**Q** 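Before I ask anything, here is the structure I am working with.
Bear in mind the structure is a predicted one, so any value in this text is a computation, not a measurement.
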Amino acid sequence: MKKICLISLIIICNSFSTFALPGYPANKDSTEQTKTVEKKNLLFLEIAGNGLFLSLNYERYISDNLSFRVGWGNDIFRSTYIPLLFNYTFEKHWELGIGIVTYNFYNYTRLTAKIFASKESGVLITSVVGYKKIFNWFLLKVSLTPFYNPNDSIFQLYGGLSLGYAF
């Protein structure tokens, strides 16, 4: 008899507690998933990177991790560089990319770097291995940028620092 009374008491208490739940509904926002807004566009100034001296770059994310980058670089009245790259960004902000850089020299006599193989204009194969971090709207990027000249098989390693705007 004691067991029947105890089981009945448990059932009654549980049924009262289930009736009490609708009086305290969950907040609407607690049941919905929060979605972070991803920045799809990056505009940044790069010092000594794929644009070689100083370049202005625009990067657009095609998918969640894959982006396309185009830039315009200049080294004070001597030359113009145009980097075109595809980059893949990993979850922990590491990026890996490959592309080309076209160059054109205005003053060919002042040419000093071996990578250009004594040519006024041409195309270099480049890549990027770096760390990219976005703080709200501010972009900070540090990278290693190797260059390869396929005409003369010359390889040279550069590095770059980028500061910019994410929107």
**Q** Angle between ring planes, Tyr165 versus Phe167, binned at 30° and 60°: parallel, tilted or perpendicular?
**A** parallel

**Q** So how far is it from Leu157 CG to Leu144 CG, rounded to the nearest 0.5 Å?
**A** 5.5 Å

**Q** Under the salt bridge (charged side-chain N to carboxylate O under 4.0 Å, His left out) rule, what pairs show up with a residue in residues 122-134, not counting sequence neighbours?
**A** Glu59-Lys132, Glu95-Lys132

**Q** From Leu45 CG over to Ile47 CD1, what is the distance, rounded to the nearest 0.5 angstrom?
**A** 6.0 Å

**Q** Using the side chain to side chain donor-acceptor pair (under 3.5 Å) criterion, which residues pair with Asn57? Sequence neighbours excluded.
**A** Ser55, Arg69

**Q** Checking side-chain contact (heavy atoms from CB on, under 4.5 Å) for the pair Phe68/Leu84: CA distance, chi angles, key distance, verdict?
**A** CA-CA 8 Å; Phe68 177 72; Leu84 302 167; 4.2 Å; yes

**Q** Return each pair, listed once, that meets ring-ring contact (aromatic ring centres under 6.0 Å, His included) where at least one residue sits in residues 40-66; pairs must be two or more places apart or across chains.
**A** none

**Q** Testing the basics here: between Ser63 and Lys40, what is the closest heavy-atom pair and its distance to 0.1 Å?
**A** O-NZ, 4.3 Å

**Q** To check you understand the geometry: which heavy-atom pair defines the closest contact between Ile134 and Ala166, and what is its length?
**A** CG2-CB, 3.8 Å

**Q** If I take atom CD1 from residue Ile154 and atom CZ from residue Phe147, how far apart are they, to the nearest 0.5 angstrom?
**A** 13.5 Å

**Q** If Ile, Leu, Val, Met, Phe, Trp and Tyr residues are connected whenever their side-chain heavy atoms lie under 4.5 Å apart, and connections chain through other members, are Tyr131 and Leu96 in the same group?
**A** yes

**Q** Are Leu85 and Leu66 linked, directly or through other ILVMFWY residues, by side chains that come within less than 4.5 angstrom of each other?
**A** no

**Q** Do Tyr81 and Ile98 share a hydrophobic cluster, counting only Ile, Leu, Val, Met, Phe, Trp and Tyr and linking them when any side-chain heavy atoms are less than 4.5 Å apart?
**A** no

**Q** Is there any salt bridge (charged side-chain N to carboxylate O under 4.0 Å, His left out) pair reaching into residues 48-58, and which pairs are they, with sequence neighbours excluded?
**A** none

**Q** What verdict does the side-chain contact (heavy atoms from CB on, under 4.5 Å) test give for Asp75 and Leu54, after you've listed the backbone C-alpha separation in whole Å, the side-chain angles of each residue and the deciding distance to 0.1 Å?
**A** CA-CA 6 Å; Asp75 67 351; Leu54 183 65; over 6 Å; no

**Q** If you compare all heavy atoms of Ser79 against all heavy atoms of Asn74, which two are closest, and at what distance to 0.1 Å?
**A** O-OD1, 2.7 Å

**Q** Are Pro83 and Trp72 side-chain neighbours, meaning at least one heavy-atom pair lies under 4.5 Å?
**A** no

**Q** Quick one: side chain to side chain contact (heavy atoms under 4.5 Å, CB included) partners of Ser127, sequence neighbours excluded?
**A** Pro146

**Q** Nearest 0.5 Å please: distance from the CG atom of Leu52 over to the CD atom of Gln156.
**A** 9.0 Å

**Q** According to the salt bridge (charged side-chain N to carboxylate O under 4.0 Å, His left out) rule, which pairs have a member within residues 154-167, sequence neighbours left out?
**A** none

**Q** Would you give the length of the straight line joining atom CG of Leu163 to atom CG of Leu139, rounded to the nearest 0.5 angstrom?
**A** 8.0 Å

**Q** If you take the centroid of each ring, where Trp contributes its six-membered ring, are Tyr88 and Phe86 closer together than 6.0 Å?
**A** no

**Q** Kindly work out whether a path of hydrophobic side-chain contacts (I/L/V/M/F/W/Y, heavy atoms less than 4.5 Å apart) joins Leu161 to Leu42.
**A** no

**Q** Strictly distance-based, threshold 3.5 Å: is any side-chain N or O of Asn149 a donor or acceptor partner for the main-chain N or O of Asn151?
**A** yes

**Q** Can you give me the closest heavy-atom contact between Asn87 and Gly97, atom names plus distance?
**A** OD1-CA, 3.3 Å

**Q** Mind listing the closest non-hydrogen atom pair of Ser143 and Val128 along with its distance?
**A** CB-CG2, 3.5 Å

**Q** Within the distance-only criterion (no hydrogens, no angle test), does the side chain of Asn104 pair as donor or acceptor with the backbone N or O of Ser121 below 3.5 angstrom?
**A** no

**Q** Nearest 0.5 Å please: distance from the OG atom of Ser67 over to the CD1 atom of Ile62.
**A** 7.0 Å

**Q** Against Tyr103, only a single residue in Thr80, Leu124, Ile115 fulfils side chain to side chain contact (heavy atoms under 4.5 Å, CB included); can you say which?
**A** Leu124

